[in-house]
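To keep things clear, I will list the structure first and then write my remarks on it.
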Amino acid sequence: MAPYRVGVIGCGGIGIQHATGLVGLDNAHLVAACDLNPKAVAAFQDHWAGTWDAIAPYADYRQMLAEQQLDVLTIATPDDCHAEPTVDAARAGVKAIFCEKPLATSLDDARRMQRAVAEHGVVFSVDHTRRFKPIWRKLRKLVAAGAIGELQYVVGTLSGKRGSLFRNGTHLIDALCYLAGARPAWVFAELEDGYQDHTAYRGDGGRTPSLEPSASGYIHFANGVRAFYTGTSKKTAGSKWRFELVGSQGQILIDKDDAELLRDGQREKIEPPEAPLSGIPAGVRELVEILDRGGATSSPIAAAIDVVEVIFGFIESQRRGNVRVELPLSEEG
Ligand SMILES: NC(=O)c1ccc[n+]([C@@H]2O[C@H](COP(=O)([O-])OP(=O)(O)OC[C@H]3O[C@@H](n4cnc5c(N)ncnc54)[C@H](O)[C@@H]3O)[C@@H](O)[C@H]2O)c1
């Protein structure tokens, strides 16, 4: 069988990381790359010279889709430019798509993407990167297997200038959902100071994080687990990314990607399992493997829609005076 034909849209740093997941694969070749900025495409071609010498350059992704018969597409465009390429690629016959987070910056876009993907039978994976890191997979398994007894609550903390909801907040919310092991049922929240009147997405695709707020929020999951989202765009002392998982018989503390299990008076480091790849390249590699051999993605579109629901749930809670908001917000839930 001929190798899968892969194209990338958005040739910045993240687009380059996407392609890293294809290195060494006999069954997938990078054949095309697209960016509005010709210098970005040229830099992308230079970066991969020697690995793939015939990457066709494009400025218009629709032209790339029309000419390249792609099997696989990876999308690394700004946050508010994930929906159109997804819908167009699904219609053009692309079989598998790896899409950057956040899935979308509106619920309408998220739903349009979900419909297009379902209608055309596309394998679709969202880059909520922890789902492709061995340590986070292990943590989820440990929690589900009862390593800390029955999970009661999770506190997740995110701070710093990329701490806004659509920028890295999407990672924090996804991690809370991933660890809670259930769908979010309802939320309430307060947006950070200075954004009290923020009622809709007003960002520019992630380039200027200060256009969007972070939040302090609460998520109640369908299985009864409670999660506290503690976010700020301000500088804070100590680690910017940490989690506390509290169960009936123990706790897990996570600081970046380091984790410790506290149980029966003991404190023990949780070691990440060995894996050939981790993070973004592992996500792209997984997608190609699914195309080849079947199976389910670790980061499905339904999970990413839950994250968009929580973000807009927080914003809606603020709009209504910090009240409880039932999810899903959209009727199609
Ligand atoms: N998973 C992660 O940990 C992680 C980390 C950083 C960024 N991201 C996400 O990756 C995406 C890209 O981020 P980045 O930092 O590489 O951004 P970037 O701005 O460096 O690169 C985006 C590229 O997309 C191009 N582009 C924009 N609109 C286009 C269009 N319609 N057609 C073709 N090209 C277009 C731009 O010219 C630019 O070169 C964002 O959604 C961001 O949130 C994810």
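Remember, it's 1-based here, ligands and their atoms both numbered in the order they're listed.
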Seminar exercise, completed: Paired with Trp48, the side chain to side chain contact (heavy atoms under 4.5 Å, CB included) test is passed by just one of Leu22, Val23, Asp53, namely Val23

Given [options], identify the one with the heavy atom nearest to [atom].
{"atom": "atom 10 (O) of ligand 1", "options": "Arg167, Arg130, Glu100", "answer": "Glu100"}
{"atom": "atom 1 (N) of ligand 1", "options": "Asp127, Asn168, Asn37", "answer": "Asp127"}
{"atom": "atom 39 (O) of ligand 1", "options": "Asp35, Ile75, Thr170", "answer": "Asp35"}
{"atom": "atom 34 (N) of ligand 1", "options": "Val41, Leu36, Ile14", "answer": "Leu36"}
{"atom": "atom 43 (O) of ligand 1", "options": "Ile9, Asp79, Asp80", "answer": "Asp79"}

Could you tell me the residue and atom name of the protein heavy atom closest to [atom], and the distance to it rounded to 0.1 Å?
{"atom": "atom 3 (O) of ligand 1", "result": "His171 NE2, 3.2 Å"}
{"atom": "atom 27 (C) of ligand 1", "result": "Pro78 CD, 3.3 Å"}
{"atom": "atom 21 (O) of ligand 1", "result": "Gly12 CA, 3.8 Å"}
{"atom": "atom 22 (C) of ligand 1", "result": "Ala76 O, 3.5 Å"}
{"atom": "atom 35 (C) of ligand 1", "result": "Thr77 CG2, 3.5 Å"}

Problem set entry | Residues Asp292 and Tyr4: side-chain donor-acceptor under 3.5 angstrom | yes

Exercise. With distance as the sole criterion, is a donor-acceptor pair present between the side chains of Ser216 and Thr230 under 3.5 Å?
Worked result: no

Please list, in number order, the atoms of ligand 1 under 4.0 Å from a heavy atom of [X].
{"X": "His82", "value": "41 (O)"}
{"X": "Gly10", "value": "23 (C), 24 (O)"}
{"X": "Gly13", "value": "16 (O)"}
{"X": "Thr129", "value": "1 (N), 2 (C), 3 (O)"}

Exercise. Between His18 and Phe98, what is the ring plane arrangement, given parallel below 30°, perpendicular above 60°, and tilted in between?
Worked result: perpendicular

Exercise. His198 vs Tyr195 aromatic rings, parallel, tilted or perpendicular, using cut-offs 30° and 60°?
Worked result: perpendicular

Problem set entry | Side chain, backbone, both or neither: the part of Cys81 lying under 4.0 Å from ligand 1 by heavy atom | side chain

Exercise. Which pairs count as ring-ring contact (aromatic ring centres under 6.0 Å, His included) when at least one residue sits in residues 279-329, sequence neighbours excluded?
Worked result: Phe166-Phe312, Tyr229-Phe314

With a 4.5 Å cut-off on side-chain heavy atoms, are [Y] and [X] touching?
{"X": "Val246", "Y": "Val154", "answer": "no"}
{"X": "Lys101", "Y": "Arg167", "answer": "yes"}
{"X": "Ile254", "Y": "Trp136", "answer": "yes"}

Can you check [atom]: any protein non-hydrogen atom closer than 4.0 Å?
{"atom": "atom 19 (O) of ligand 1", "value": "no"}
{"atom": "atom 32 (N) of ligand 1", "value": "yes"}
{"atom": "atom 8 (N) of ligand 1", "value": "yes"}

For this session: Using the six-membered ring of Trp241, assess whether NZ or CZ of Arg162 lies under 6.0 Å from its centre and within 45 degrees of the ring axis.
Result: no

Problem set entry | N or O pair under 3.5 Å between Arg162 and ligand 1 | no

For this session: Keeping the roles fixed (side chain from Glu190, backbone from Ala215), state whether a donor-acceptor pair exists under 3.5 Å.
Result: no

Exercise. Between Arg131 and Asp174, is the closest basic N to carboxylate O distance under 4.0 Å?
Worked result: yes

